[in-house]
Amino acid sequence: MLNNNLLNKLEIKKRLLEKLNTISGNQADQESQIMISYSAKKENYIDVNDSEIDKDLINKILKERIKGKPLAKIINEKGFWKNIFYTDDYTLDPRADSEILVEQILNDCSKIKNKKKFNFLDLCCGTGCLGISIIDELENSFCDFIDISKKALNACKKNIIKFEKQKNSKLFHSDLFENYPINRLKNIDIIVCNPPYIPTSNYLSLNNETLYDPRISLDGGELGIDYYVKIIDHLINVKFKGSLYFEIDPIINENMYKYLLEKGIKIVYKKVDYLSLDRLIKITLPKNN
Ligand SMILES: C[S@@+](CC[C@H](N)C(=O)[O-])C[C@H]1O[C@@H](n2cnc3c(N)ncnc32)[C@H](O)[C@@H]1O
């Protein structure tokens with residue numbers, strides 16, 4: 001632990017790295033910087049001065065981290081895209097993998113010229129990291145956020161307030177589309193969705209850190225594709241005309257692609273993540289639906 005008051009920032013980082021290497025693996029460097037900047041109430045490690053570092057607070061965080069609790073769940077914060085989001089026991093901590101959804105949507109939107117207003121839906125929003133990051137980048141956008149968990153919606157609301165996006169957002173407590181007004185859906189240009197997708201039989205063998213996220217944010221039913229099926233079936237029924245951007249995962253892709261083929265659904269494109277694994281699909285629904 002850090003019991004020498006004379007340690008400077010670099011020495012503290014070195015000691016933290018020694019402790020974190022076995023627990024955090026290749027995240028150790030990043031986590032040590034986050035602990036230091038969090039303790040100094042600064043967003044960036046680079047801006048922290050030695051005198052601002054709270055060593056007692058770092059010791060407290062380290063104690064929890066050594067027990068295996070994810071850093072984001074200890075400090076209730078996680079960096080995503082360009083911001084630091086509030087997260088807690090009731091939300092999935094935002095993952096770097098999901099940033100590809102933001103990146104692609106922004107990329108596609110930059111090609112749409114003269115669009116006055118852009119309405120979209122962040123379905124299964126959790127912290128709201130996807131929707132808020134997009135609103136933040138697109139001036140004329142408006143996002144509806146849906147989650148079944150009231151507590152997750154509370155976290156999303158905190159983030160909306162933190163980033164001052166109240167005028168560009170509306171929250172809906174709903175089991176998928178159950179309490180979501182059909183006339184709002186008619187004005188939605190795109191839906192972005194990172195649903196729970198871990199097959200139930202794989203859920204309990206997830207690593208301990210992932211199990212700190214709520215089960216409702218992870219368990220995607222027997223094959224892991226229950227949510228995709230329910231969402232797509234509903235949207236076909238209501239003749240949704242927009243595009244859908246889904247996060248996907250190698251664990252479900254075979255079943256997912258089989259389902260899409262059976263339904264005659266067109267994959268506009270797929271994108272791979274940092275590990276070259278399929279991570280995103282953009283789809284449109286059959287024209288004659
Ligand atoms: C994988 S997390 C995604 C959170 C966030 N969008 C992200 O990318 O970090 C899935 C979210 O879906 C929500 N959820 C689970 N079942 C739902 C349902 N039937 N209707 C709406 N939301 C649901 C969970 O509460 C959780 O917040």
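Counting starts at 1 for both ligands and their atoms, in listed order. No hydrogens, no waters, no symmetry mates; every other heavy atom, side chains included, goes into these values.
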Worksheet item: Heavy atoms only: which of L153, L92, D147 is nearest to atom 26 (C) of ligand 1?
Response: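 The nearest heavy atom belongs to D147.
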Fill in: Sidechain N-carboxylate O distance under 4.0 Å for K13, D29
yes
[atom]: the protein heavy-atom neighbour that sits closest, reported with distance to 0.1 Å:
{"atom": "atom 5 (C) of ligand 1", "answer": "C125 O, 3.2 Å"}
{"atom": "atom 20 (N) of ligand 1", "answer": "L176 N, 2.8 Å"}
{"atom": "atom 3 (C) of ligand 1", "answer": "N194 O, 3.1 Å"}
{"atom": "atom 23 (C) of ligand 1", "answer": "I148 CG2, 3.4 Å"}
{"atom": "atom 4 (C) of ligand 1", "answer": "C124 O, 3.5 Å"}
{"atom": "atom 1 (C) of ligand 1", "answer": "S217 O, 3.0 Å"}
{"atom": "atom 15 (C) of ligand 1", "answer": "I216 O, 3.2 Å"}

Could you check whether [X] makes a cation-pi contact with [Y], meaning its NZ or CZ is under 6.0 Å from the centre of the six-membered ring and within 45° of the ring axis?
{"X": "K73", "Y": "Y212", "value": "no"}
{"X": "R95", "Y": "F80", "value": "no"}
{"X": "K263", "Y": "Y259", "value": "no"}
{"X": "K230", "Y": "Y227", "value": "yes"}
{"X": "K270", "Y": "Y257", "value": "yes"}

Run the numbers for me: atoms of ligand 1, each under 4.0 Å from some heavy atom of [X], listed by number.
{"X": "L130", "answer": "6 (N), 8 (O)"}
{"X": "S174", "answer": "20 (N), 21 (C)"}
{"X": "C129", "answer": "7 (C), 9 (O)"}

Worksheet entry | Y180 and D144: side chain donor to acceptor below 3.5 Å |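 Yes, D144 and Y180 have a side-chain donor paired with an acceptor closer than 3.5 Å.
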Close approach, [X] and ligand 1, non-hydrogen under 4.0 angstrom:
{"X": "C193", "value": "no"}
{"X": "Y227", "value": "yes"}
{"X": "D175", "value": "yes"}

Worksheet item: Is it true that I225 and I281 fall in one hydrophobic cluster, defined by side-chain heavy atoms closer than 4.5 Å?
Response: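 Same cluster: I225 reaches I281 through Ile, Leu, Val, Met, Phe, Trp or Tyr contacts under 4.5 Å.
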Worksheet item: Do any N or O atoms from the side chain of D147 and from the backbone of G126 form a donor-acceptor pair under 3.5 angstrom?
Response: yes
